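The structure appears below as structure tokens.
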Amino acid sequence: MLSITLPNGDVREYPDGSRAYDIALSISEGLARNALSASLDGNTVELMAPLEHGGALKMYTWESPEGKQAFWHSSAHVLAQALTQLYPGIHLTIGPAIENGFYYDVDFRGAIPSDKDFPAIEAKMIELARLKAEFKMRSVSKSEALEVYKDNPFKTELIENLEDGSITFCDHGDFTDLCRGGHLPDTGWIKAVKVMNIAGAYWRGDEKRPQLSRVYAISFPKKALLDEYLTLLEEAKKRDHRRLGKELELFAFSQRVGQGLPLWLPKGTALRERLEQFLRTAQKKAGYLPVITPHIGSKELYETSGHYAKYGKDSFQPIGTPEEGEEYLLKPMNCPHHCEIYKTKPRSYKDLPLRLSEFGTVYRYEMSGELHGLTRVRGFTQDDAHLFCTNDQLLDEFKKVIELVLYIFKTLDFTEFKSQVSIRDPEKPEKYIGSTENWDKAESAIVQAAQEMGLPYVIETGEAAFYGPKLDFMVRDALGRSWQLGTIQVDYNLPERFELEYKGSDNQMHRPVMIHRAPFGSMERFVAVLLEHCGGNFPLWLTPEQVVVLPVSEKSIDYAREVSQLLENSDIRALIDERNEKTGRKIRDAEVSKVPFMLIVGELEAQNRSVSVRRHGHGDLGSMSIDEFAQLVQRAVREELGVE
RNA sequence: GCCGGUAUAGCUCAGUUGGCCAGAGCAGCUGAUUUGUAAUCAGCGGGUCGGGGGUUCGAAUCCCUCUACCGGCUCCA
């Protein structure tokens with residue numbers, strides 16, 4: 001008998017040879033009908049294979065990530081089968097399920113299919129799915145597995161890294177693939193499939209190894225779900241910051257200026273400056289001291305910091321002076337400059353923590369294929385600061401920075417973010433500089449700070465910067481891609497390299513610890529993510545134009561100007577649509593341009609000294625006095641900023 | 001940087017198998033209209049079809065090359 005613990009805690013006995021499916025059936029017919037996969041004691045098991053032992057059993061449907069995972073993993077097998085039939089002689093490699101669908105990396109060994117071939121691939125997949133071929137796992141010996149794949153160097157490499165005895169194949173129909181398991185009962189579940197795109201991907205993610213073709217696809221148990229997904233993608237595209245940035249006239253790129261070098265238009269600049277001001281105010285309260293440093297620095301500065309050795313040859317190349325032959329680098333980061341500011345005079349423990357902040361524009365050479373709107377550029381402004389403190393102050397300072405980041409995220413309504421503690425890879429010590437002892441100290445300080453601040457975080461081994469561990473805040477863009485925003489990094493390295501010191505209360509010299517931090521990350525990336533987050537409908541306090549006054553006809557322009565002037569006097573940003581257009585047209589254009597408030601003013605309003613208020617996306621709010629309206633806007637702004 | 005794709009007016013896009021002066025909508029300009037909660041009407045201007053080279057009697061269309069952009073890979077101080 002098998003003793004099975006169900007998620008609700010019930011323990012039930014089942015005959016030997018029972019399958020997860022049978023157990024589902026014993027619970028309810030509906031569960032059995034909808035179950036896509038199962039796990040036993042946390043390990044994925046086949047739904048339709050006899051369970052080898054008892055334990056805690058969980059069933060997964062389409063509604064759970066595990067269910068989708070099984071669905072897409074199984075679909076990847078069908079994709080591989082379809083590609084093998086359509087393109088004989090190809091080498092299959094790996095084909096995992098991903099967050100939205102699945103992919104298969106293939107060496108086509110010849111002509112690579114293009115998007116014109118996608119419909120044929122989709123049709124073949126559906127044709128194969130309709131055969132309702134059952135997925136069946138079987139164990140094979142290592143030598144057997146190697147024999148099957150003797151012509152395929154990629155699978156051979158995979159198998160060689162597996163232990164004999166733990167190698168399994170999955171069969172469905174006439175197709176077999178090396179596979180760890182976790183399948184649907186049969187291919188018939190796959191009702192709708194879409195090949196999304198095809199792109200190059202290096203074998204094992206290593207650019208020195210062969211480049212394969214990665215075929216991305218997604219599949220669904222119902223046609224309607226696919227349509228829904230495609231509609232969702234269309235909607236997401238409308239939120240793309242590159243599109244909105246153009247539509248709202250926030251920023252632009254010019255081929256002549258250069259790749260990855262954004263031009264901030266007047267409205268975008270107004271927005272960005274408002275964001276900066278917001279942070280300046282918060283930082284002033286938190287005891288930061290603003291500084292300014294130049295856009296270039298002597299090469300020697302970066303040799304001292306260690307950055308030149310690490311990044312110099314892949315970066316923008318040094319610029320020389322014509323007479324003296326000196327070499328300067330475009331500033332790739334602000335920290336060395338701030339270290340030099342620290343060194344301008346002897347420091348005492350009473351000076352610490354010293355918090356130097358700068359909206360510093362930096363330039364980094366990013367590979368051309370990597371540039372992406374405002375999220376990945378070659379020139380950008382960091383909301384940078386460097387905190388110099390004693391070891392005893394480190395934890396507390398770190399926590400205060402987390403607090404600042406959380407305040408910013410809260411104000412801007414970023415509720416969905418992830419935090420990640422990046423620590424060193426203990427197996428690759430050559431990647432890092434600094435003593436093991438300092439690394440240990442820094443890593444434990446970060447983890448402790450994150451815990452004490454109640455931050456939900458994950459630890460990523462091997463993701464640390466070369467000079468120290470860090471805590472990053474990540475958010476997703478409209479299309480589900482993840483971007484790093486804020487970052488807080490501990491650094492024991494630069495203080496050593498720059499020989500930073502302070503005199504302690506013991507009259508001895510000590511070395512400070514440094515925290516690098518940028519809550520926005522960069523102004524460019526932050527604006528991009530904010531833009532997608534709010535779909536172009538910025539919070540009132542941030543938006544470039546808060547109010548547009550719409551005179552009903554030329555006769556009301558004078559009054560409109562008066563209203564606009566009064567609002568400006570109350571620090572409300574207003575403009576007037578003086579075009580010779582009908583009111584309906586002006587309203588439509590204002591709605592499209594996402595201005596939060598529209599004030600319709602005609603002869604009636606001029607007579608009553610009132611305005612007729614319309615809110616973007618909400619419609620007519622009725623009329624009120626100019627003063628009442630100004631107070632309404634001011635109150636709304638105060639609420640957004642959390643000010644009393 | 002690598003793989004695949006794209007490039008036509010300020011924007012969004014048409015342009016059949018190469019064939020007369022390259023089109024539309026929106027935006028712009030001019031005029032009429034004096035307008036009340038999501039598009040008033042009419043007229044006008046605007047393009048070295050991304051750059052360069054080639055094939056051809058003839059190229060937006062076919063080929064080569066460069067550049068930029070899009071989707072990935074890789075990297076990210």
Side-chain angles (χ1 to χ4, degrees), chain A residues 103 105 108 111-117 196-216 237 240 242-243 246-247 249 252-260 302 305-312 314-315 329 331-336 362-373 376 378 382 384 463 465-468 470 479 481 484 487 489 491 493-494 516 518 550-557 579-593 598-605 612-623:
Chain A
Y103 67 79
D105 279 352
F108 280 97
I112 294 164
S114 77
D115 47 5
K116 291 172 198 71
D117 304 308
M196 302 306 292
N197 67 68
I198 187 161
Y202 298 102
W203 172 234
R204 305 229 132 167
D206 184 345
E207 63 182 308
K208 290 179 192 69
R209 310 200 67 183
Q211 187 163 43
L212 307 167
S213 299
R214 179 167 294 179
V215 183
Y216 284 91
K237 274 187 196 162
D240 192 312
R242 291 165 297 185
R243 177 189 177 126
K246 191 185 276 186
E247 281 174 6
E249 298 177 10
F253 290 89
S254 148
Q255 211 180 110
R256 204 169 286 138
V257 170
Q259 293 185 275
Y302 305 102
S305 71
H307 291 106
Y308 189 73
K310 185 91 180 163
Y311 296 103
D314 302 321
S315 196
L329 293 181
K331 179 164 72 177
M333 84 294 292
N334 304 301
C335 26
V362 297
Y363 297 89
R364 297 179 185 175
Y365 172 79
E366 301 286 355
M367 287 192 290
S368 61
E370 192 47 57
L371 299 171
H372 181 96
R376 199 57 178 271
R378 285 179 170 169
Q382 295 179 312
D384 213 355
E463 290 294 307
F466 77 92
Y467 54 80
K470 56 181 183 173
L479 297 172
R481 292 173 293 214
Q484 180 200 307
T487 182
Q489 316 181 344
D491 188 352
N493 175 57
L494 278 186
H516 307 243
L550 311 179
V552 167
S553 80
E554 243 168 52
K555 293 175 194 155
S556 308
I557 285 185
R579 292 176 307 164
N580 185 0
E581 293 288 352
K582 289 191 158 183
T583 309
R585 174 52 181 272
K586 291 182 181 180
I587 287 167
R588 192 195 126 81
D589 289 346
E591 288 282 354
V592 168
S593 63
M598 286 148 271
L599 298 183
I600 292 102
V601 295
E603 289 171 276
L604 190 70
E605 284 76 12
S612 177
V613 183
R614 185 185 164 98
R615 177 96 213 222
H616 170 70
H618 294 273
D620 196 352
L621 299 185
S623 67

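Predicted, not measured: the structure shown is a model, and the values here were computed from it.
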Nucleotide of [options] approaching [X] most closely (side-chain heavy atoms):
X: Tyr202(A); options: A38(B), G71(B), G1(B); value: G1(B)
X: Asn197(A); options: U40(B), G71(B), A77(B); value: G71(B)
X: Tyr365(A); options: U34(B), G1(B), G36(B); value: G1(B)
X: Arg588(A); options: G4(B), A38(B), U40(B); value: A38(B)
X: Arg376(A); options: C73(B), C75(B), U37(B); value: C75(B)

Distance between [atom1] atoms of [N] and [M] (Å, rounded):
N: G4(B); M: C44(B); atom1: C1'; answer: 44 Å
N: C64(B); M: A27(B); atom1: P; answer: 41 Å
N: G50(B); M: A60(B); atom1: P; answer: 10 Å
N: G25(B); M: C66(B); atom1: C1'; answer: 34 Å
N: U17(B); M: G58(B); atom1: C1'; answer: 16 Å
N: A24(B); M: A14(B); atom1: C1'; answer: 7 Å
N: A9(B); M: C62(B); atom1: C1'; answer: 25 Å
N: U16(B); M: U37(B); atom1: C1'; answer: 46 Å

Starting from [atom2] on [N], measure out to [atom1] on [X] and report it in whole angstrom.
X: Phe108(A); N: C2(B); atom1: CZ; atom2: C1'; value: 17 Å
X: Leu212(A); N: C73(B); atom1: CG; atom2: C1'; value: 10 Å
X: Glu366(A); N: C2(B); atom1: CD; atom2: P; value: 17 Å
X: Ile587(A); N: A38(B); atom1: CD1; atom2: P; value: 6 Å
X: Lys246(A); N: G10(B); atom1: NZ; atom2: P; value: 12 Å
X: Tyr216(A); N: G5(B); atom1: OH; atom2: P; value: 17 Å
X: Lys470(A); N: A77(B); atom1: NZ; atom2: C1'; value: 9 Å
X: Arg214(A); N: C2(B); atom1: CZ; atom2: P; value: 19 Å

How would you label the contact of [X] with the nucleic acid (heavy atoms, under 4.0 Å): base, sugar-phosphate, or nothing?
X: Gly602(A); result: base
X: Glu249(A); result: nothing
X: Lys582(A); result: base
X: Gly584(A); result: sugar-phosphate
X: Glu581(A); result: base
X: Leu604(A); result: base
X: Glu207(A); result: sugar-phosphate
X: Glu603(A); result: base

**Q.** Contacts of type ring pair (Phe, Tyr, Trp, His ring centres under 6.0 Å), residue Tyr216(A), not counting sequence neighbours
**A.** Tyr103(A)
Q. Backbone N or O of Glu366(A) within a donor-acceptor pair of the Arg378(A) side chain at under 3.5 Å?
A. yes
**Q.** Test item: Lys555(A) side-chain N/O and Glu603(A) main-chain N/O as donor-acceptor pair under 3.5 Å
**A.** no
Q: List for me each residue that meets side-chain hydrogen bond (donor to acceptor under 3.5 Å, both in side chains) alongside Glu605(A), sequence neighbours excluded, and say none if there are none.
A: none
(Q) Applying side-chain hydrogen bond (donor to acceptor under 3.5 Å, both in side chains), can you list everything that pairs with Asn334(A), at least two apart in sequence or on another chain? (A) Lys331(A), Gln382(A), Asp384(A)
Taking side chain to side chain contact (heavy atoms under 4.5 Å, CB included) as the definition, give me every residue that meets it alongside [X], ordered by chain and number, with sequence neighbours left out.
X: Glu591(A); answer: Ile587(A), Met598(A), Arg614(A), His616(A)
X: Arg585(A); answer: Glu581(A), Asp589(A)
X: Val592(A); answer: Arg588(A)
X: Asp314(A); answer: none

Taking the side chain as every heavy atom from C-beta outward, state whether [X] and [Y] have any atom pair closer than 4.5 Å.
X: Leu329(A); Y: Ser315(A); value: no
X: Glu207(A); Y: Tyr202(A); value: yes
X: Leu599(A); Y: Val613(A); value: yes

**Q.** salt bridge (charged side-chain N to carboxylate O under 4.0 Å, His left out) against Arg243(A), all qualifying residues, sequence neighbours excluded
**A.** Glu247(A)
Q) Taking only residues two or more places apart in sequence, or in another chain, which ones meet Arg214(A) in a salt bridge (charged side-chain N to carboxylate O under 4.0 Å, His left out)? A) Asp105(A)
Q | Face-to-face stacking of Tyr311(A) with A77(B), centres under 5.5 angstrom, angle under 30° | A | yes
Q: Give a yes/no answer on whether the side chain of Lys586(A) brings an N or O atom under 4.0 Å of OP1 or OP2 in A39(B).
A: no
Q. Do NZ/NE/NH1/NH2 and the carboxylate oxygens of Asp206(A) and Arg204(A) come within less than 4.0 Å?
A. no
Q) Does Arg364(A) or Ala201(A) map to a spot on RNA chain B nearer the 5' end, using the closest nucleotide for each? A) Ala201(A)
Q) Which comes earlier along RNA chain B counting from the 5' end, the contact point of Gln382(A) or that of Lys555(A), where each point is its nearest nucleotide? A) Lys555(A)
Q: Classify every nucleotide of nucleotides 24-31 of chain B by which part a protein heavy atom approaches to under 4.0 Å, writing B for the base, S for the sugar-phosphate alone and - for neither, in 5'-to-3' order.
A: ---S----
Q. Just by protein heavy atoms under 4.0 Å, how would nucleotides 63-70 of chain B read 5' to 3' in B, S and -?
A. ----SSSS
Q.
If you go through the side-chain atoms of Gln211(A), does one of them form a donor-acceptor pair with the base of C2(B) closer than 3.5 Å?
A. yes
Q. List RNA chain B stems (3 or more consecutive Watson-Crick/G-U pairs, under 3.5 Å)?
A. B:1-7 with B:67-73, B:10-13 with B:23-26, B:28-32 with B:40-44, B:50-54 with B:62-66
